[in-house]
Enquirer: 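Below is a structure I'd like to ask you about.
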Amino acid sequence: MSNIQQTLSIIKPDAVERNLSEEIKNEFRNNNFDILKEKKVKISKSEAEKFYQVHQSKPFYNDLCEYLSSGPIVVMVLEKNDAILENRKLMGATDPIKAEEGTLRKKYGISIDKNSVHGSDSLDNAKIEIDFFFKD
Ligand code: IDP
Ligand code: MG
């Protein structure tokens, strides 16, 4: 049964800085994701704090927000059948050391914080995150 979804993807500062954006976008295309929207932005620390507010009680919250606001990022709306789960599979585990062979985080991630990509984890969060970056 068809279950077309949209999910928010972010190419994080470590990957943009290493000029991996085009290569990573091609990974999505090769895996049959349609890139419906995309933009390169640099967000402020307070915007990062809002984006990651679900993590505000975590010990790494401050570093995480510093990091996401440290340089340009590429944000995209990806569409595919089961896009949310399919993107999480393509990304691999949060920690690149634990990510499976062939996943984006295994290929491009440097460390658990510099793990190159973000992807929404649920339908509700995908809507919230897409609105966060693309609501006019
Ligand atoms: P996810 O990106 O795989 O969904 P989350 O648990 O939602 O992982 O965490 C959000 C981001 O916070 C991760 O992508 C990673 O960059 C960072 N992070 C998660 N756990 C840790 C940690 O234990 N130390 C440092 N950074 C972490
Ligand atoms: Mg997450």
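Excluded from the calculations below are hydrogen atoms, water molecules and symmetry mates; all remaining heavy atoms, backbone and side chain alike, are included. Indexing begins at 1, ligand by ligand and atom by atom, following the structure's order.
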Enquirer: Considering non-hydrogen atoms only, spot the tightest contact between P13 and Y67 and give its length.
Expert: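 P13 and Y67 have their closest heavy atoms at CG-O, 3.4 Å.
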Enquirer: Any pair with a residue in residues 77-102 that passes ring-ring contact (aromatic ring centres under 6.0 Å, His included), sequence neighbours left out, goes on the list, sorted by first then second residue, please.
Expert: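 Passing the test, one end in residues 77-102: no pairs.
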Enquirer: For the residue pair H55 and F60, does the interplanar ring angle fall in the parallel (under 30°), tilted (30 to 60°) or perpendicular (over 60°) class?
Expert: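 The arrangement is tilted - the two ring planes meet at 30° to 60°.
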Enquirer: Could you verify whether a donor N or O on one side chain and an acceptor N or O on the other, from D113 and S111, lie under 3.5 Å apart?
Expert: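 Yes, side-chain donor-acceptor contact under 3.5 Å.
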Enquirer: Atom NZ of residue position K45 - does it have more than 12 heavy atoms of other residues, nucleotides or ligands inside 6.0 Å?
Expert: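 Atom NZ in K45 is packed in, count exceeds 12.
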Enquirer: Looking only at the side chains, is there a donor atom on one of T103 and E100 sitting less than 3.5 Å from an acceptor on the other?
Expert: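 There is no such pair between these side chains.
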Enquirer: Using a cut-off of under 3.5 Å, which N/O atoms of ligand 1 pair up with protein N/O atoms, and what distance separates each pair?
Expert:
residue  : atom   : partner : partner atom : Å
ligand 1 : 2 (O)  : R105    : NH2          : 2.9
ligand 1 : 3 (O)  : R88     : NH2          : 3.1
ligand 1 : 3 (O)  : T94     : OG1          : 2.6
ligand 1 : 3 (O)  : R105    : NH1          : 2.9
ligand 1 : 4 (O)  : R88     : NH1          : 2.8
ligand 1 : 4 (O)  : R88     : NH2          : 3.1
ligand 1 : 7 (O)  : H55     : NE2          : 3.0
ligand 1 : 8 (O)  : T94     : OG1          : 3.3
ligand 1 : 14 (O) : K12     : NZ           : 3.0
ligand 1 : 14 (O) : N115    : ND2          : 2.9
ligand 1 : 16 (O) : K12     : NZ           : 3.2
ligand 1 : 16 (O) : I112    : O            : 3.1
ligand 1 : 16 (O) : D113    : O            : 3.4

